[in-house]
Amino acid sequence: MNAPAPAPLYDPSAIELAAQAYWAEHDAFRVTEDPAREKFYCLSMFPYPSGRLHMGHVRNYTIGDVMSRYQRMKGKNVMQPMGFDAFGLPAENAAIKSNVAPAAWTYDNMAYMRKQLDALGLGFDWSRSFATCDPAYYRWEQWLFVQLFKKGLVYRKNSVVNWDPVDHTVLANEQVIDGRGWRSGAIVEQREIPQWFLRITDYADELVDCLDHLPGWPDAVKAQQANWIGRSKGLEIDFALEDGSGALTVYTTRPDTLFGVTFVSVAAQHPLALAAAARDPKVAAFIDETRKTGTAEATLATQEKKGVPLGVSVIHPLTGEAVPVWAANFVLMGYGTGCVMAVPAHDERDWEFANAYGLPKKVVIAPAPNAVPDITDGAHTDYGVLVHSDRFDGLDFEAAFVAIKQALEAQHQGRERINYRLRDWGVSRQRYWGCPIPIIYCDACGDVPVPEANLPVVLPEDLKPDGAASPLTRTPSFYEVACPSCGKAARRETDTFDTFFESSWYFARFACPGNDTAMLDERARHWLPVDQYIGGIEHAVLHLLYARFFHKLMRDVGLPVAGDEPFTRLLCQGMVIAGTYYREAADGKKTWVNPADVEVLTDERGAPVSAVLKADGQPVVIGGREKMSKSKNNGVDPETMVSRYGADAVRLFMMFTAPPEQSLEWNDAGIEGAARFLKRLWTFTTALAEVPALNLAALDSTQKALRRKVHETLAKLDDDYGRRQTYNTAVAACMELLNALMKASDGADGQTAAVLREGAEALVLGLSPIVPHISHALWHHLGHAGAVLDAPWPKADPAALVSDTVSLVVQVNGKLRGQIDVAKDASQDAILAAALADPNVQKFLSGEIRKKIVVPGRLVNLVVAT
RNA sequence: GCGCCCGUGGCGGAAUCGGUAGACGCAGCGGACUUAAAAUCCGCCGCCUUCGGCAUCCCGGUUCGACUCCGGGCGGGCGCACCA
């Protein structure tokens with residue numbers, strides 16, 4: 001090998017700036033539709049512009065960037081866009097706290113975060129970017145809302161909000177702390193006001209059924225969504241009121257237990273309970289009590305079962321018996337019909353309730369025809385066969401469901417019904433910094449949608465929220481309008497959309513930048529669905545369900561979206577966690593200290609024994625590993641890490657330390673290890689000089705083995721990047737290969753040097769999606785003119801993978817006793833002969849060999865009598 | 001309570017279809033270089049030990065063979081939370 005020219009030292013910041021400048025200069029990530037190439041749409045959940053990126057963002061976007069760069073090298077036409085989810089409460093809070101306009105605050109934050117994203121080397125097509133607070137964006141969701149209005153998919157009804165009586169404002173749930181307003185400290189009231197709803201329940205069946213056709217989604221997310229939608233099949237059954245004044249309709253999924261009904265329970269807010277309250281002060285008192293506890297949801301589930309008899313009875317539809325009606329605190333007014341038939345023998349809640357009030361229990365389900373279930377300690381809720389149920393005795397659940405349904409239908413007292421836990425989506429928010437709802441209220445014409453020609457309804461950006469009611473409600477120039485229909489004075493809606501509205505369709509708009517005449521165009525059909533979506537598991541239900549819903553809505557109003565589902569493959573990355581450290585004051589108050597300020601002391605094995613604060617050398621308590629957060633003071637700032645170690649090291653550490661969907665523990669020593677590896681890669685690759693051409697015929701067995709390692713690594717990389725999406729094992733394989741190459745590089749010349757060079761190229765190409773900057777520089781070092789991001793993905797040479805001999809393990813009774821090398825096409829007999837000849841194996845072959853198992857390419861297991 | 005997921009060295013993790021448990025990295029220990037330190041390089045590194053034995057939360061099962069499959073426990077995490 002020629003004496004290498006003195007190589008420049010690895011200088012991450014210089015290399016990274018140069019690579020980023022190259023990408024910017026060449027507009028390297030801008031894409032357009034290309035019918036000749038397969039498209040790949042890779043999307044990471046866009047951020048709220050809070051001001052600074054946190055490690056969770058870095059992890060999310062690194063994963064997306066790695067996938068994008070890999071697919072690009074595989075020849076796909078990759079679109080990876082990025083934008084900002086720019087409406088929301090923090091901007092209003094900042095406005096109140098620092099007296100800055102929400103718009104200015106938001107745009108400043110976006111500019112800063114854009115710089116941070118670029119410094120990480122993320123390959124976004126910024127020409128497609130937008131902020132959702134731009135009227136050019138939100139006008140189209142107003143337009144969609146108007147279309148849905150016309151189709152009857154939106155409606156207005158009264159709904160409860162958290163009302164702060166001091167600030168005269170509606171509070172979001174997270175602004176209510178222990179039942180009090182976050183700023184005023186006033187006790188929050190529940191108030192009913194009219195709000196807009198989207199009929200997501202019309203799509204409940206499709207939303208749950210389509211889950212079965214999403215093989216690329218994690219099961220956990222699909223399970224959560226199905227759970228959330230909560231579809232159940234049951235019967236509505238009418239119980240006639242004894243006084244002949246009508247009927248009480250209950251919903252049940254267990255009509256097989258109908259003969260076990262001993263009373264009927266209604267919600268405290270049920271009309272029948274309210275009517276009884278007028279006559280009976282005890283009922284009135286009960287209703288009052290439930291209203292007070294009604295707010296604290298967490299206690300609701302565990303609270304004691306309470307109720308009060310209403311003094312009315314209903315007639316059992318099949319037995320004709322009279323059963324009493326009770327009001328009960330555990331019956332939900334908002335689900336089903338607000339009343340349920342009570343079967344204490346076979347329902348836990350009814351069992352508890354009946355026990356508390358001494359109501360009878362009738363067993364009507366048994367595990368077997370002659371068995372008697374034990375209900376002394378609780379209800380028997382399993383399915384079984386019917387007993388004490390007249391002509392239905394002996395039937396199982398399914399048969400009883402059908403038979404009882406038919407019996408009730410015949411007397412017009414029952415019908416099958418599907419129920420959902422899912423409620424319609426309330427989209428009204430009494431907030432300033434959001435998209436205005438495009439409706440005008442006219443005394444003469446009612447609720448009138450803003451005509452399409454008048455869209456967008458622009459949010460005035462010069463208003464300043466002060467924590468009280470939305471400034472829109474105090475801005476006549478905004479809300480005083482003429483009715484679009486009759487021209488008379490009317491009032492504009494001052495509520496804005498839930499911010500989930502914006503994030504429910506942004507994925508589609510990325511395909512259609514610049515279109516100011518339509519929400520979407522044919523380009524959406526080209527790019528959709530998103531091939532790979534990446535984001536946090538915290539969005540498993542709401543965001544992902546709403547986005548699926550919007551995709552179907554856009555489809556049904558005739559917009560050019562492709563397919564029924566927006567996201568083909570979904571990856572939910574794990575949290576970024578870090579150790580926590582604290583000191584506890586005498587009063588039990590904990591002061592959390594940042595991990596960066598702590599020194600951990602270990603025993604001689606390396607196990608941590610104690611920790612001290614660097615500043616004063618005094619001990620701190622070692623807490624658990626938890627999600628990075630302000631409250632636990634265990635956050636690590638990405639920008640600091642990038643300036644200290646370089647973006648490549650940060651990216652490498654994040655991809656190497658854990659598989660993407662698992663939680664990732666940040667530790668400073670770990671990222672130093674990542675930086676060390678990059679330094680080694682740099683030193684090794686830059687030291688390679690001109691080498692002779694690779695001559696496969698001239699390779700000796702050592703050189704062949706080294707070359708096999710190179711190509712085995714390539715084969716593994718493709719599998720890890722593509723099918724498995726386990727970047728941690730891909731990096732490990734590269735580290736292993738670099739170790740092997742460096743071991744072989746001492747005084748290497750001739751064909752060994754040629755193999756080393758081939759290995760270096762494999763490493764640079766194979767690592768380039770993860771560490772794009774150093775790869776960009778090293779690719780040029782290796783003499784290539786083009787950019788590594790445009791190089792084709794390396795393929796393993798099948799010829800390099802074949803070996804003349806294979807190494808087999810020899811077991812005796814399943815225990816490892818020896819190792820043999822045999823020809824790769826050796827016969828079973830030859831393999832066995834070699835195994836039996838091994839001296840160590842022979843030591844364990846005292847008895848008769850009962851069985852000989854040969855697994856080709858793997859092992860030999862000899863079973864002897866013991 | 002119901003649903004989902006997970007338990008492997010001091011630590012993060014690997015073992016992809018039931019076939020060498022602990023790859024790769026961190027931490028630690030020993031050494032080289034150095035006046036010294038940092039950086040770098042080399043070696044050791046599950047536990048008990050002499051051959052060897054024991055080890056993937058515990059107990060059982062299937063199998064020639066189980067981290068992997070099945071049953072039952074224990075522990076942890078996440079989601080939903082009286083949805084009839």
Side-chain angles (χ1 to χ4, degrees), chain A residues 218-224 226-228 230-232 234 250-254 257 265 297-298 300-303 305 328-332 334-337 339-343 346-350 352-353 419-423 537-538 540-541 575 579 600 602-609 625 653 656-659 661-674 676-677 679-680 683 716 719-720 723-724 726 728-739 742 807-819 843 850-853 855 857-864:
Chain A
D219 289 338
V221 174
K222 288 190 279 191
Q224 274 186 58
N227 234 323
W228 186 262
R231 179 164 63 188
S232 70
V250 305
Y251 173 75
T252 180
T253 55
R254 292 294 302 269
T257 64
S265 311
E297 299 242 336
L300 218 83
T302 48
Q303 80 181 347
K305 305 247 172 315
N329 64 349
F330 64 90
V331 179
L332 304 173
Y335 182 79
T337 58
C339 57
V340 295
M341 61 184 215
V343 186
H346 304 291
D347 181 282
E348 282 303 340
R349 296 153 301 186
D350 297 338
E352 270 182 60
F353 193 84
N419 247 326
Y420 305 91
R421 213 189 69 102
L422 181 73
R423 300 294 141 76
I537 185 77
E538 65 273 20
V541 178
M575 300 182 297
V600 176
T602 60
D603 65 15
E604 57 179 22
R605 268 182 173 154
V609 287
R625 284 181 258 271
F653 170 76
F656 172 63
T657 302
E661 67 285 346
Q662 240 170 74
S663 64
L664 178 147
E665 188 189 339
W666 185 271
N667 87 42
D668 285 351
I671 192 171
E672 277 169 31
R676 210 145 44 215
F677 170 75
K679 216 179 284 180
R680 275 154 54 81
T683 311
K716 178 164 178 54
D719 195 37
D720 284 353
R723 179 180 64 90
R724 299 213 306 153
T726 53
N728 56 326
T729 55
V731 173
C734 289
M735 289 175 164
E736 226 177 295
L737 177 58
L738 181 63
N739 289 344
M742 289 184 81
S807 174
L808 300 183
V809 159
V810 185
Q811 299 177 334
V812 178
N813 287 345
K815 285 191 176 149
L816 176 62
R817 297 302 180 191
Q819 206 151 7
K843 282 202 298 191
R850 292 214 286 220
K851 211 165 182 178
K852 299 166 186 169
I853 289 140
V855 183
R858 286 257 174 214
L859 55 70
V860 178
N861 189 13
L862 303 168
V863 183
V864 300

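Order of the sequence lines sets the chain letters (A, B, ...), proteins ahead of strands, with each chain counted from 1.
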Protein-nucleotides 61-65 of chain B N/O pairs closer than 3.5 Å?
residue, atom, partner, partner atom, Å
rC64(B), OP1, K851(A), NZ, 3.1
rC64(B), O2', N861(A), ND2, 3.4
rC64(B), O2, N861(A), ND2, 2.6

Among the nucleotides rU16(B), rC24(B), rG13(B), whichever has the atom closest to the side chain of A658(A) is rG13(B)
Would you kindly check if the NZ (Lys) or CZ (Arg) of K305(A) is within the cone defined by 45 degrees around the ring axis of F353(A) and under 6.0 Å from the six-membered ring centre? no
If the cut-off is 4.0 Å, is Y251(A) near the phosphate of rC83(B), judged by side-chain N/O to OP1 or OP2? no
Nucleotide N/O to protein N/O under 3.5 Å, stretch nucleotides 44-52 of chain B:
residue, atom, partner, partner atom, Å
rC47(B), OP1, R605(A), NH2, 3.4

base_contact_polar (rA84(B) base, R254(A) side chain, donor-acceptor, <3.5 Å): no
Compare side-chain N and O positions of R676(A) against OP1 and OP2 of rA27(B) and report whether any pair is under 4.0 Å apart. yes
Looking at the side chain of P659(A), which of rC24(B), rG13(B), rA84(B) is the nearest nucleotide? rG13(B)
Can you tell me if the side-chain N/O atoms of R724(A) get under 4.0 Å from OP1 or OP2 in rA15(B)? yes
Set of ring-ring contact (aromatic ring centres under 6.0 Å, His included) partners for F653(A), sequence neighbours left out: W666(A)
Can you tell me if the side-chain N/O atoms of Q224(A) get under 4.0 Å from OP1 or OP2 in rC4(B)? no
Would N227(A) and R421(A) count as having a side-chain donor-acceptor pair, cut-off 3.5 Å? no
